[in-house]
Each structure stands twice: as structure tokens, then as C-alpha cells.
S.K.: 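Quick one: the structure is below, questions incoming.
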Amino acid sequence: MYRVKKAVIPAAGLGTRFLPATKAMPKEMLPIVDKPTIQYIIEEAIESGIEDIIIITGKGKRAIEDHFDSVPELEANLIAKNKSDLLHLVEETTNINIHFIRQSKPKGLGDAILQAKAFIGNEPFVVMLGDDIVQAEIPCTRQLIEQYERTNCSIIGVQQVRNQDTQRYGIVDPSNSISEDLHKVKSFVEKPALGTAPSNLAILGRYLLKPDIFTYLETQIVGSGGEVQLTDAISRLNEFDEVLAYEFRGRRYDVGEKLGFIQTTLEFALKRDDLGDDVARMMKELLAERASRTSSV
Ligand code: G1P
């Protein structure tokens, strides 16, 4: 069995939900407190034992490459000022083996992943979506790798979502369960119309795939939203080589939409030793102010 060493992180999306902030800045660089969202994803990859990362970028994404490059002037300045804490933070992002490839036209997630074919070669690999940050005792990607090592199957990370949210995700049509949290799958459906979802098990941005997926991506016709969907290719792969759905442990944050982004920012700030108490006090004051404003109206 191959060891899983490579990760693909698609970051070619236009980020229209965050306009105008994303007009000149990639959405992956928006910070949760003080760290760009994509850095949380990369940290999870490294904590999961991933050694090589490829980020699929597109137009206007150069800031991501710069973020993971060294900045000698900044480093020299921090050394001269004896700011070793900050120097450590800056260096943390440069000692990682990251590669970049550009998707010339945004044709969908499936097409973005296909760009990584030559880099991946004939090995199983993980796909990590930047809109989904997962906080877990065992990093989510590590959990998927463990399931793969047990079963030798492609593994898709899923969790239960509310009925009204199924239309936003790839949804699993499960068949038999292998254990409480590991399921065989009849098919995978991308963004089923409201009320038609075969279950509440949603794909939440973590995939472990065998390289055969590329055969299906190469011939995948456009699906939901007029885009080449990874979910559709996975469903076809599953007909020939079993793909399992694994209910990972951990809390997943959706930083791809505004409310989720704000919630993540608040929760992460509240958990910080240096900020948590002040943020809690500030929130209390703001809520009290808001309550007195609405009651006096
Ligand atoms: C993508 C996938 C979808 C998955 C979701 C998870 O959709 O196509 O299957 O459930 O990510 O966040 P997107 O959110 O990019 O539309």
C-alpha cells in the first residue's frame, strides 16, 4: 500500500461572496484573527503527515505564493529588532514544500483537481478545500489517512448537516455501514435540489482519493452549476472501485460564506489566550448596547 504524502489544495475560485474584499486579494488570504484561512489548511496537512502540497491557483492569486515565500528584508528587520516571536511566525510559512500550478479558466472543482494529475502520478492523495477549516483532536486529514490504511479504499470525509443545508453540498446516498462512522455508498450527488437529498451526510471538504480518479475527471461532463464536479467523478469511480464515506470527528467551520466566516473569527478569537477575555467582554458590551437600542425603538 502506498503511503499518502501528497495534498492538493484548490484555490482558483473567484471569491465573489466576499467582494469587494476579494477584488484584488485572494479569498484564501482573508485572515481568521491573524492567520490567512489557507494557512490553517496547510497546518492540518503537515500535522497529518503530508510532505508535498500543490496549490491550484488562478488569476490574481499571487499573494498566496508570496505568503509562502521568504521575505529577506522583513526577516532581517525582525532579527535587528530582536522580535524572535514574529520572526518565528514569518519563518513558519516558508519552510514548507509547496508547489503551485495555475488553472487557466475556472471550470469547476473537478477540473481544478485534474490540473494536479502529473504532480500526483500514481499515488493516493488528499484533497483539502480551503473553505472548510476543521478543528479536531486528530487532524481530519489524518483521520482519513487512517481509514484508508485500514480499508485500502478511497475515503470521503462527511458529516451530518441540517435538511435545509443539503442543497449546498455533495451528498452521500449510503448503503451498508461497515461501522458506526464508515459507510459504503450507492452514489454521490452534487447539490441535490431541496427535498431530494438521499441523506444528510454531506461532503465537507476532505477527500482521500486513489489516482484512478483522474481517469474519470478526464472524461467528466459538466454537472451542477455548469461545472465539472469532483463529486460526479467520485460517484463514477465508486462504481468500479469502492469509495467509502467516513464521518470524521471534529468541528468544521465554513469560512466560504460571510456568516460562517464571522462565526469562525469570533470562536477562534474567544479561544485565544491573548484575546479571548477581551473579546468576550467586548461582545457582551456590544450585545447589551444592541439590546438597549432595540428595546428603546
Ligand atoms: C464543494 C463541493 C461539494 C462539497 C463542498 C464542501 O462545493 O463541490 O461537493 O460538499 O465543496 O464545502 P462548493 O462549496 O465549492 O460549491
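We count ligands from 1, going down the list as the structure has it; atoms in each ligand are counted the same way. Side-chain atoms are counted along with the backbone in the values below, which use heavy atoms only and exclude waters and symmetry mates.
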S.K.: If the test is side chain to side chain contact (heavy atoms under 4.5 Å, CB included), which one of D232, L230, I234 qualifies with L217?
M.R.: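 Of all the options given, the one that passes is L230.
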S.K.: Under 4.0 Å from a heavy atom of G170: give me the atoms of ligand 1 that qualify, with their elements.
M.R.: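 That gives atoms 3 (C), 4 (C), 9 (O), 10 (O) of ligand 1.
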S.K.: Which residue is it: I155, L208, L201? I am looking for the one with a side chain to side chain contact (heavy atoms under 4.5 Å, CB included) to Y246.
M.R.: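 When I155, L208, L201 are each tested with Y246, the side chain to side chain contact (heavy atoms under 4.5 Å, CB included) holds only for I155.
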S.K.: So, 4.0 Å and heavy atoms of R168: is ligand 1 close enough to count as a contact?
M.R.: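 Heavy atoms of R168 never come under 4.0 Å of ligand 1.
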S.K.: With a cut-off of 4.0 Å, which atoms of ligand 1 are near a heavy atom of Q229?
M.R.: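 Going through ligand 1 atom by atom, the ones under 4.0 Å from Q229 are 8 (O).
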S.K.: Is atom 15 (O) of ligand 1 touching the protein, meaning some protein heavy atom lies under 4.0 Å away?
M.R.: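 No.
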S.K.: Could you say whether the N/O atoms of D131 and ligand 1 ever approach to under 3.5 Å?
M.R.: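 No; the residue has no nitrogen or oxygen that sits under 3.5 Å from a nitrogen or oxygen of the ligand.
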S.K.: Can you establish whether the number of heavy atoms outside E180 located under 6.0 Å from its atom CD is more than 12?
M.R.: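 Count not over threshold, so no.
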S.K.: Mark up the atoms of ligand 1 that fall under 4.0 Å of a heavy atom belonging to K191, in ascending order.
M.R.: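 Answer, ordered by atom number: 7 (O), 13 (P), 16 (O).
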S.K.: Of all the atoms in ligand 1, which lie at a distance below 4.0 Å from a heavy atom belonging to Y169?
M.R.: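 Checking each atom against Y169, I get 6 (C), 10 (O).
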S.K.: Pick from R236, Q229, E227: which one makes a side chain to side chain donor-acceptor pair (under 3.5 Å) with Q220?
M.R.: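 Only one of R236, Q229, E227 forms a side chain to side chain donor-acceptor pair (under 3.5 Å) with Q220, namely R236.
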S.K.: Heavy atom under 4.0 Å from ligand 1: found in D132's side chain, backbone, both, or neither?
M.R.: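 Only the side chain of D132 comes within reach of ligand 1.
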S.K.: Applying side chain to side chain donor-acceptor pair (under 3.5 Å) between N200 and each of D165, T166, N163, report the one that passes.
M.R.: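 Of the listed residues D165, T166, N163, the side chain to side chain donor-acceptor pair (under 3.5 Å) partner of N200 is N163.
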S.K.: Output the list of atoms in ligand 1 that are nearer than 4.0 Å to some heavy atom of T231, sorted by atom number.
M.R.: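 Close to T231: 9 (O).
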S.K.: I need the atoms of ligand 1 closer than 4.0 Å to a non-hydrogen atom of L129, numbered in the order shown.
M.R.: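 In order of numbering, the contacting atoms are 1 (C), 11 (O).
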S.K.: So which heavy atom in the protein is nearest atom 10 (O) of ligand 1, and how far is it from that ligand atom?
M.R.: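 Minimum-distance protein heavy atom for atom 10 (O) of ligand 1 reads I203 O, 2.6 Å.
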S.K.: Is the gap between the ring centers of F119 and F100 under 6.0 Å?
M.R.: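 Centroid distance F119-F100: not below 6.0 Å, so no.
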S.K.: Centre of Y169's six-membered ring, under 6.0 Å away, within 45 degrees of the axis: is that where NZ or CZ of K191 sits?
M.R.: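 So K191 doesn't make the cation-pi contact.
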S.K.: Using distance alone, decide if ligand 1 has a nitrogen or oxygen within less than 3.5 Å of any nitrogen or oxygen in L204.
M.R.: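 No, there is no polar N/O contact under 3.5 Å.
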